[in-house]
Amino acid sequence: MTPAELSHSVVAAVASMVADEGLAVAVPETVTVERPKNKEHGDYATNVALQLAKPAGRAPRQLADLIAARLRDVEGIASVDIAGPGFLNITLDVASQGELARTIVSAGKNYGHTEALAGHRINLEFVSANPTGPIHIGGTRWAAVGDALGRVLSASGADVAREYYFNDHGAQIDRFARSLLARARKQEPPEDGYGGEYITEIADAVTAKVPDVLDHPDDEAQEIFRREGVELMFAEIKRSLHEFGVDFDVFFHENDLHESGAVDHAIERLRKLGHIYEHDGATWLRTTDFGDDKDRVVIKSDGNAAYIAGDLAYYLNKRERGFDQVIIMLGADHHGYIGRMMAMCACFGDTPHENLEILIGQLVNLVKDGQPVRMSKRAGTVLTLEDLVEAVGVDAARYALTRSSADSTLDIDLDLLTSRTNENPVFYVQYAHARIASVLRNAAELGIALGEFNPALLDHEREGDLLGALGEFPRVVASSAELREPHRVARYLEELAGVYHRFYDMCRVLPMGDEPVTDLNHARLWLCEATRVVLANGLDLLGVSAPERM
RNA sequence: GCGCCCGUAGCUCAGUCGGAUAGAGCCCCCGCCUUCUAAGCGGGUUGUCGCAGGUUCGAGUCCUGCCGGGCGCGCCA
């Protein structure tokens, strides 16, 4: 019996009670059955009686009695106890709980997939780092977290498109182009320009590709450096993300919005809706109607589009492509943007926080010798995605960036990660997987297949713990998706790995020496394979490999 | 000044919808490989959940105020 099935049984028992007793309360659609921390509280517990007591006008323990009586008749439930103020503590039959192993092995890669978000068409935008330099550590965090979120959303039944918004328009690109031109001429970069080593590399690459570039007049040369430089930078970003295991469905160019007329289209739409006005020679969007601090300029008085114009057009474009949920991940340094974006969403007639969702992730600090290091492009202390991968590898890097809540700032200490990699819990999880793979290999060598499965034999306490943990996986994935918190998957995997290691320590899986193969050996092999499936599926959601050997 | 995030063990951090005795890893000490991976397991030590009120059967979790830290408030992008 899975937690979901048990939950259904509890709902049915509640419905039966409400009908029989004529209670004036609504039957909850779902009831949470949780794994109690304390083993004396059974395999699963629910507080549904406590929650219904007040609206029903009955004592919680009285309701608990009525529900318990009905649950005791359910096949697979061994006992139901009432504890404390009115908790229902449910214990399953050993065989019923053990069946879960078969369920998981049969489902294979699909175990953990649910329909929790079925029907949602989600556009997930993340990273979207400017093509004026390599991806730094902050963008790397969003790459890891955003990619994991995309996987978790998909696993929960959502139709997800991942997008990277490529800001190849505007003043920053001009500064980038001027920096390249200056470097090609062996001059100092402009005061507000970019100075890293990569500027030299790109300037050299452009010069190699267009040998006579410096013979052109300034404006033409700058245009060549802009076009070629952005192209090279873009390819570089794509490549490093791909090597990081992060791929996008769409790379969207801001420039296209301006050249295709999408910006004008969006502004005209808003004008028809009555939210656009002219003032001081500029075109404004009246975002204050929807809670913004001040109205926003969309077309500046010099005729150029303000940055938000691109965002307006991009949002409308996503909606017109059929996405009903637009999710954008931004760093904390952009959180001031939420108000105007939500107001913009409302101006289009959409519902803020439903059609548009902005996820804010806190920043990453680079730490050395316990002291924060200020990352500066000029000082060369910027930590890039490639630096991180080179130092610790993709698996450790992705895991370290994904296991913490995005709401917390993250400290990255390269020395710590490189010199004491065991501190990274990814190895703890991967080791559990490799350990199981080894057991399964040994079984194969002994000619022992999974074979017949008798779930009733899995009656050891550690086996019960393991089955209980395995049953949690689908709702961990679903809640990670619903809450947009993929770190929950990582934390769960660490828990599961620990439960497996403790099982392994107490429960011998394969026969020793020349002992005969028993049904218990087979049952435990099923349990091992089920655990391996969950670890592999979970690691995959995080974009981390599940090694067969370590 | 206004807004967002954070404050939980010595360190790094978990702890959705309020639930039972607040957890994990790292660090430190002790024990366990003549049989499936010791990157493991078992045991020991560690807390005014920033502070003060409030809501209720019950608050780390919700509300209010305050303290401390980070970030942000452009016709920049």
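Below, chains carry the letters A, B, ... as their sequence lines are ordered, and counting in each starts from 1. For clarity, every value in this text was computed on a predicted model and none was experimentally measured.
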Kindly state each residue pair satisfying salt bridge (Lys or Arg N to Asp or Glu O under 4.0 Å) with at least one member in residues 489-506 of chain A, sequence neighbours excluded. R403(A)-E494(A)
Applying salt bridge (Lys or Arg N to Asp or Glu O under 4.0 Å) as the test, list every pair that has at least one member in residues 510-525 of chain A; sequence neighbours left out. E463(A)-R524(A)
For the residue pair Y500(A) and F503(A), is the inter-centroid distance of their aromatic rings smaller than 6.0 Å? yes
Could you tell me how far apart R141(A) (CZ) and rC5(B) (C1') are, to the nearest whole angstrom? 11 Å
Kindly check if the number of other-residue, nucleotide or ligand heavy atoms within 6.0 Å of CD (E278(A)) is above 12? yes
If we take the P atom in both rG65(B) and rC49(B), what is their distance in whole Å? 22 Å
Tabulate atom names and distances for all N/O pairs under 3.5 angstrom spanning the protein and nucleotides 72-75 of chain B.
| from | atom 1 | to | atom 2 | distance (Å) |
| --- | --- | --- | --- | --- |
| rC75(B) | OP2 | K294(A) | NZ | 2.7 |
| rC75(B) | O2 | S301(A) | N | 2.9 |
| rC75(B) | O2 | S301(A) | OG | 2.9 |
| rC75(B) | N3 | S301(A) | OG | 3.4 |
| rC75(B) | N4 | D280(A) | O | 3.3 |

From the set rC36(B), rC57(B), rU37(B), return the single nucleotide nearest to any side-chain atom of R435(A). rU37(B)
Contacts of E529(A) meeting side-chain hydrogen bond (donor to acceptor under 3.5 Å, both in side chains) (sequence neighbours excluded), chain-then-number -> R532(A)
Quick one, give me the B/S/- string for nucleotides 12-20 of chain B, reading 5' to 3', where B means a protein heavy atom under 4.0 Å from the base and S means that only happens at the primed atoms, P, OP1 or OP2. -SSSSB-BB
Closest heavy-atom contact between R226(A) and A177(A)? CB-CB, 3.6 Å
Could you summarise the pairing of RNA chain B as dot-bracket text, marking Watson-Crick and G-U pairs under 3.5 Å with ( ) or [ ] inside the strand and | across strands? (((((((..((((.....[...)))).(((((.......))))).....(((((..]....))))))))))))....
